[in-house]
Amino acid sequence: MPRTLVIVESPAKAKTIEKYLGKGYAVESSIGHIRDLPRSAADIPEKYKGKAWARLGLDVEDDFKPLYVVSPEKRQQVARLKKLAQEADEIILATDDDREGESIAWHLYQELKPKVPVKRMVFHEITREAIQNAIEHPRDIDTNLVEAQEARRALDRLYGYEVSPVLWKKVAPKLSAGRVQSVATRMLVERERERMRFVSGTWWDLLVTAATRDGETFPARLTDVDGMRLATGKDFDPLTGQVKKGMEVRLLDEAAARSLADGLTGQPLTVVSAEEKPFTQRPYAPFITSTLQQEGSRKLGFAATRTMRAAQRLYEQGYITYMRTDSTNLSQEAMNAARTQVGAMYGQQYLSPQPRVYAKKAKNAQEAHEAIRPAGSSFRTPESLRGELSGDEWRLYDLIWKRTVACQMADARGRSLRVRLAGRAGTGEDVGLSATGRTIDFPGFLRAYVEGRDDPAAALEDRETPLPPLKEGERVTAESVKPEGHETQPPARYTEASLVQALEAAGIGRPSTYASILGTIQERGYAVKKGQALVPTWTAFATSALLEHHFGNLVDYDFTARMEEDLDDIAGGRARRVPYLRRFYLGEGGEGMALRPLIDSKMGEIDARGIATIAVPKLDGTGIEVRVGRYGPYLQRGEEKANLPEDLAPDELTPEKAAELLGRPTGDRVIGTDGATGLPVVARAGRYGPYVTLGDGNPPVRSASLFPGDDLNTITLERALRLLSLPRLVGVSEGEEIWAQNGKFGPYLKRGNDSRSLATHEQLFTVTLPEAEALFMQPRFRARGAAAAPLRTFEYQGRAPITLKSGRYGPYLTDGERNATLRKGEDEGTLTPERALEILEERGKEPKGKAGKGTRKAAGTRAGGAKTGATRGGTGARTAAKAPARKAPASKAAARKPAAKATSARAKTATQAPTKTAPTKAALTWADLKPHLGVLSEQERALVTATRDQGRRVEEVAPTLGLDVKKAKGMALQASKKLNQAARGE
DNA sequence: CAGTGAGCGAGCTTCCGCTTGACTT
């Protein structure tokens, strides 16, 4: 019966270690972190739900005290560990020897609350020797290291959960910001900006095929003409496409190149110099996560996730060591195995004379594990595993094996040759040429492994390019001469592999997260993959611009590096977590980011409209702007707008392309021609859904939404014209016209200021005057309770029944008192009465309106709630809700006071300015709104002040602002929404 | 902002880092 419980992080590791430890030990795993800050509201324990800081999971007023909850997916494992801990005599926490591993050990200790002695042990290799050694040298949990991890965790939470909401308000909902992803996104954006600014240049040169007396041929390239060096790519200014100023170079155009080629063909050339230089090349370091992903991509064409999936399987089955590592270190066991294998397979001369040790490579590396290598003390050859491993796994193992073996092999040796030639063209110019060659005398490690390259031109380096033996003074002939045109290329976009490499170089992200970073920036819509390339989206431009301009430090490449230094200080006991976080978050002592105050001031300052406008240098002066709107990116030139196609990369947007997009009505299909007007009828997909228009302009003469059931692809001219015939005059009633129209809430009838919904769209065409009048006789609103019939009803003894209804936000449960929206996974079909009750008990909420309107007080809530519950049906509820407001006209202001208190209690920190807000949707007065004018753009502000303060009409104000009336009205509406949102603190 | 009249159960989105399944396609 084992008495010592050893806990590691990974189940696969547990299995291996258990073998080495044998009897007396039970080895278990935590499966990574077991606790974390609550991710969302659902994770917050009831006790803390009301706390102002619960959303952050950090009590910012109490020294950023973290609220840790056992992650839902780890509950089972934690329960299991608790049980095992109770049965053990001793517990050894053997999590990884790095910041996160130390933290996991500490969380295990906190959560398991062991009553038996607890030790901490660490090892960096999974070999029998290393494990034994670790067991014999236990230590205590390093609380400084734990504190450093907590600081890291808190900082990431504060950054992510405080800055993301800024993006929701200023750019688009559901976007995100974070220490890692925002820098990754910025890298893509900056590279794309370079590409957008880039102007290509053209130069020509000559490729000469020279022949020796013996008839051997070799290629040589023109390097200078009449003593002046020929211009090549690097001589060009990427911003102008012209040769850089002050460069003393000769630029060949096509005509000159062709004439020179003709003049040189058949001419003799003299070898001016022939230099031969020996070179040696050392093998590459063994794989770490980033280099494995890079080579997986270059050599096997795997995406980072695919490489990691295959590596995970190899690791679990014991074929390779741990695949998430930043250390190039090999254990003695691995070194011996590699060297033995080199000797056996390639011979002693291929073995590196000394064992090679590779220095720490990655910035901020923590080196808790070995390099990635074949497992065991003797490596299994890929050939021997052919039948055992399949597909991706075999190919990846082969790669790992080769790289590991190669790293203990001898240097490659060879000679590089550089030959200079001179000649004279028949047309009189003196020319210089150059030929290079590379000969490998001893391949050494290249026998096993040649690194793939992102840049195909560089791959040539590893290939042999022999030259015939050429001596100074030797005469050769320019047998054929080919003029070649070249264009300078913009800097290449990042690929998954090169972005990971760049992040690693900047010390950003960890081996365990590289693959998921790529996923995150794509899921958030910051980047799309085009082949191998990662192309940033316009949303990424808007987001990056916002962060760069207003939160520059957060996307500074040095920010992470500095953070790592600070964390190192905390880990070393030279600094403390709390002061560090106070500086970062509150700006205490006038130092640090001061994130919270910064956000408070920026929230009003940042002009969302300005942020949505993206700088495109090539469009300067064209009057065309790129904007990111609610429905995606679009172009604007005065009144004209055009959606930007999804697949158009930012650097492909030229003035010509933009003009073309604006010129053609977007995504439309001409169905036919209207006989009456001669205008084309067009089917279009718009932001409000599919619609048809009369006329193909922008805006069209008329437009009409399709009905549900109509299909944009199959709609006929006849049907389109019928839709365009709306609105229809139904008749005249009570001296006013009744019109049947299609609106944003569906089909409806309109008579003066009154309206009634229609049941179906088709009724728009069929409803008669008497039917319409009958509808207007009925009350305007559907009686409450007579709303859509409940989908299901659950009956209970001793309590009101619970009904399942279909609402605007999806299915929800209600018992008349409280409502609860169903969440993902809570299938309405399989819901049991017990579960329904549970859900309602757990998170049922009193509808806002009932408690809110004018009666926030206890009496109102309780009694009102009960009453509405009892008198459901008819208009009772409405009357009940309205009554108090009518009785006490002053209650609006009175009700807002306590409500405002509630809101500020819920506000994030004490530093946040007290907000004059009302959480109820009661209409806010101009006085309530006025203090928030700061959230508006200048134009919006001018418009709103003119209409509200001076009582002028939009029609009247618009021209003075240079706006047309229609646009101004839209703007006024938007501005009013923004103001209300801001005033409510939303 | 292609055009459009009410008023309705809101509640959540988001970070980074450490680990695997359990799901589905």
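Computation of the quantities below employed the complete heavy-atom set of this structure, encompassing side-chain atoms and omitting hydrogens, waters and symmetry-equivalent molecules. Residue numbers start from 1 in every chain, and the chains themselves are labelled A, B, ... in the order their sequence lines are given, proteins ahead of strands. Note that the structure is a prediction, hence the values are computed from the model and not measured.
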Counting the atoms with a prime plus P, OP1 and OP2 as sugar-phosphate, which does [X] contact under 4.0 Å by heavy atoms, base, sugar-phosphate, or nothing?
X: A/Ser176; result: sugar-phosphate
X: A/Gly509; result: sugar-phosphate
X: A/Gly695; result: nothing
X: A/Arg99; result: nothing
X: A/Tyr514; result: nothing
X: A/Asp36; result: base
X: A/Ser30; result: nothing
X: A/Ala820; result: nothing
X: A/Thr814; result: nothing
X: A/Ile517; result: nothing
X: A/Gly178; result: sugar-phosphate
X: A/Gln77; result: nothing
X: A/Lys750; result: sugar-phosphate
X: A/Tyr159; result: nothing

Please state how far atom [atom1] in [X] lies from atom [atom2] in [N], giving the value in whole angstrom units.
X: A/Gln76; N: B/dT19; atom1: CD; atom2: P; answer: 20 Å
X: A/Lys15; N: B/dG21; atom1: NZ; atom2: P; answer: 9 Å
X: A/Tyr748; N: B/dT4; atom1: OH; atom2: P; answer: 8 Å
X: A/Met563; N: B/dC16; atom1: CE; atom2: P; answer: 11 Å
X: A/Trp168; N: B/dG11; atom1: CH2; atom2: P; answer: 16 Å
X: A/Gln741; N: B/dA6; atom1: CD; atom2: P; answer: 12 Å
X: A/Gln181; N: B/dT13; atom1: CD; atom2: C1'; answer: 13 Å
X: A/Arg756; N: B/dG7; atom1: CZ; atom2: C1'; answer: 13 Å

Please tell me which of the listed nucleotides, [options], lies nearest to the side chain of [X]?
X: A/Arg157; options: B/dT19, B/dC18, B/dC15; value: B/dC15
X: A/Val180; options: B/dC16, B/dC18, B/dT19; value: B/dC16
X: A/Pro165; options: B/dT19, B/dC15, B/dT14; value: B/dT14
X: A/Ser10; options: B/dC1, B/dG17, B/dT19; value: B/dT19
X: A/His369; options: B/dT13, B/dT19, B/dC16; value: B/dT19

Looking at the base of [N], is there any donor atom on it, or on the side chain of [X], that sits under 3.5 Å from an acceptor on the other one?
X: A/Arg510; N: B/dC18; answer: no
X: A/Ser705; N: B/dG3; answer: yes
X: A/Arg153; N: B/dC15; answer: yes

Are [X] and [N] close enough that a side-chain N or O sits under 4.0 Å from OP1 or OP2?
X: A/Arg152; N: B/dC16; result: no
X: A/Ser512; N: B/dC18; result: yes
X: A/Arg524; N: B/dT14; result: yes
X: A/Arg179; N: B/dG17; result: yes
X: A/Thr513; N: B/dC16; result: no
X: A/Ser40; N: B/dT13; result: yes

> Would A/Tyr691 pass as stacked on B/dG3, i.e. its ring centre under 5.5 Å from the base's six-membered ring centre and planes under 30° apart?
Replying inline: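 By the stated criterion, A/Tyr691 and B/dG3 do not stack.
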> Want to settle it: does A/Glu73 or A/Val692 sit nearer the 5' end of DNA chain B, counting the closest nucleotide to each?
Replying inline: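 Upstream on the strand: A/Val692.
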> Quick one: on DNA chain B, does A/Asp156 or A/Glu316 contact a more 5' nucleotide (nearest heavy atom)?
Replying inline: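 Upstream on the strand: A/Asp156.
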> Just by distance, do the side chain of A/Arg186 and the backbone of A/Gln181 share a donor-acceptor pair under 3.5 Å?
Replying inline: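 Not a single qualifying donor-acceptor pair exists.
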> Ignoring hydrogens and geometry, is there a side-chain-to-backbone donor-acceptor pair from A/Ser30 to A/Ile34 under 3.5 Å?
Replying inline: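 Checked: no pair found.
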>> Going by side-chain hydrogen bond (donor to acceptor under 3.5 Å, both in side chains), A/Glu100 matches just one of A/His33, A/Gln366, A/Arg510. Which one?
In response: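 With A/Glu100 as partner, A/His33, A/Gln366, A/Arg510 yield a single side-chain hydrogen bond (donor to acceptor under 3.5 Å, both in side chains), made by A/His33.
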>> Can you confirm whether the side chains of A/Gln636 and A/Arg627 place a donor and an acceptor under 3.5 Å from each other?
In response: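 Short answer, yes.
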>> Under 4.0 Å between a side-chain nitrogen and a carboxylate oxygen: does that hold for A/Arg80 and A/Glu28?
In response: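 Result for this pair is yes, salt bridge flagged.
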Heavy-atom distance under 4.5 Å between the side chains of [X] and [Y], does that happen here?
X: A/Glu150; Y: A/Tyr68; value: yes
X: A/Tyr322; Y: A/Thr289; value: no
X: A/Met563; Y: A/Tyr159; value: no

